[in-house]
Asks: 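Here it is: the structure, laid out below.
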Amino acid sequence: MTTSDELRLLPWTGPDGKPCFLSTDDSDSYMSRLADNTESVQLGMATELLDRALDMLADTDTQPDDLRLLATDLTGALRDTLRVANSRGHRLATPE
């Protein structure tokens with residue numbers, strides 16, 4: 001890795017569940033754009049899931065199995081959102 005390379009946490013994990021990183025000096029590379037697009041999709045899906053959760057929680061007829069599935073989906077969305085936030089936080093310029 002050269003001094004101009006950026007180490008970026010990618011918005012997905014490897015097959016063993018460990019974080020994936022991209023080392024690049026080109027923030028417009030194919031992999032960087034793919035990661036940006038994936039992050040955008042993940043955040044959009046989390047927003048839609050939050051709206052669905054609010055509707056389900058307001059409905060007194062929501063069944064326990066539906067709430068369990070909602071909790072599972074929310075857990076995955078939160079994991080993805082935290083990974084995006086962590087990745088973006090690492091990319092913020094730090095004052096020297």
Side-chain angles (χ1 to χ4, degrees):
M1 187 163 80
T2 66
T3 56
S4 63
D5 283 353
E6 173 187 320
L7 188 61
R8 176 180 180 169
L9 176 65
L10 294 172
W12 55 78
T13 59
D16 55 0
K18 292 184 180 178
C20 290
F21 293 90
L22 173 65
S23 176
T24 183
D25 60 356
D26 181 4
S27 62
D28 197 38
S29 70
Y30 172 79
M31 287 302 295
S32 293
R33 288 191 320 271
L34 177 63
D36 289 342
N37 290 336
T38 300
E39 287 179 353
S40 180
V41 168
Q42 288 171 330
L43 294 176
M45 289 172 58
T47 300
E48 291 174 15
L49 182 57
L50 178 58
D51 290 342
R52 185 173 57 146
L54 292 170
D55 290 343
M56 287 180 71
L57 292 172
D59 183 356
T60 58
D61 294 330
T62 301
Q63 298 298 308
D65 285 344
D66 294 330
L67 290 173
R68 205 171 354 271
L69 178 59
L70 174 65
T72 300
D73 292 344
L74 285 169
T75 300
L78 179 59
R79 181 197 60 236
D80 292 343
T81 302
L82 289 173
R83 189 178 304 116
V84 169
N86 189 23
S87 175
R88 290 183 180 183
H90 284 289
R91 287 184 273 156
L92 292 176
T94 55
E96 293 184 18

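Quick caveat, the model's predicted, so the values are computed rather than measured. What's counted below: heavy atoms across the whole structure, side chains too, no hydrogens, waters or symmetry copies.
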Asks: Nearest 0.5 Å, please: how far is CD in Q42 from CG in L49?
Replies: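 That separation rounds to 13.0 Å.
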Asks: Would you compute the distance between atom CZ of R33 and atom CG of D26 and round it to the nearest 0.5 angstrom?
Replies: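 The CZ atom of R33 sits 8.0 Å away from the CG atom of D26.
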Asks: When you group the ILVMFWY residues by side-chain heavy-atom contacts below 4.5 Å and let the links chain together, are Y30 and L22 in the same group?
Replies: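 Yes: a chain of side-chain contacts under 4.5 Å links L22 to Y30.
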Asks: Enter the distance from E39:CD to L34:CG here, rounded to the nearest 0.5 Å.
Replies: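 Going from the CD atom of E39 to the CG atom of L34 covers 10.0 Å.
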Asks: Do D55 and R52 pass the salt bridge (Lys or Arg N to Asp or Glu O under 4.0 Å) test, and can you show the C-alpha distance, the side-chain angles, and the key distance before you say yes or no?
Replies: CA-CA 5 Å; D55 290 343; R52 185 173 57 146; over 6 Å; no
Asks: Take D80 and L43 through the test side-chain contact (heavy atoms from CB on, under 4.5 Å) and record every step on the way to the result.
Replies: CA-CA 8 Å; D80 292 343; L43 294 176; over 6 Å; no
Asks: Considering all heavy atoms of both residues, which atom of D66 and which atom of T62 are nearest to each other, and what is their separation?
Replies: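 Result for this residue pair: CB-CG2, 4.0 Å.
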Asks: What's the shortest heavy-atom distance between A35 and R8, and which atoms?
Replies: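 Heavy atoms only, the tightest pair is CB-NH2, 3.5 Å.
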Asks: Just by distance, no angles: are the side chains of T75 and T72 close enough, under 3.5 Å, to form a donor-acceptor pair?
Replies: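 T72 and T75 do not have a side-chain donor-acceptor pair below 3.5 Å.
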Asks: Can L50 be reached from L70 by stepping across I, L, V, M, F, W or Y side chains whose heavy atoms are under 4.5 Å apart?
Replies: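 Not linked; separate clusters.
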Asks: Return the minimal non-hydrogen interatomic distance between M31 and W12, and the atom names on each side.
Replies: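 Distance-wise, the nearest heavy atoms are CE-CZ2, 3.8 Å.
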Asks: If you look at every heavy atom in T13 and C20, which pair is closest and at what distance?
Replies: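 So the minimum-distance heavy-atom pair works out to C-SG, 3.6 Å.
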Asks: Quick one: pull up CD in Q63 and CE in M56 and give me the separation to the nearest 0.5 Å.
Replies: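 Result: 9.5 Å between the selected atoms.
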Asks: Would you check if the side chain of T81 reaches a backbone N or O of A77 as a donor-acceptor pair within less than 3.5 Å?
Replies: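 Pair found, side chain donor or acceptor close to backbone of A77.
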Asks: To the nearest 0.5 Å, what is the distance between CG on D25 and OG on S32?
Replies: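 It is 9.5 Å, given to the nearest 0.5 Å.
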Asks: Say you draw a straight line from CZ of R88 to CG of D36; how long is it, rounded to the nearest 0.5 Å?
Replies: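 Separation between the atoms: 7.0 Å.
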Asks: I want to check something: taking the side chain as every heavy atom from C-beta on, are L57 and L67 in contact at a cut-off of under 4.5 Å?
Replies: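 A side-chain contact exists here, since the closest heavy-atom pair is under 4.5 Å.
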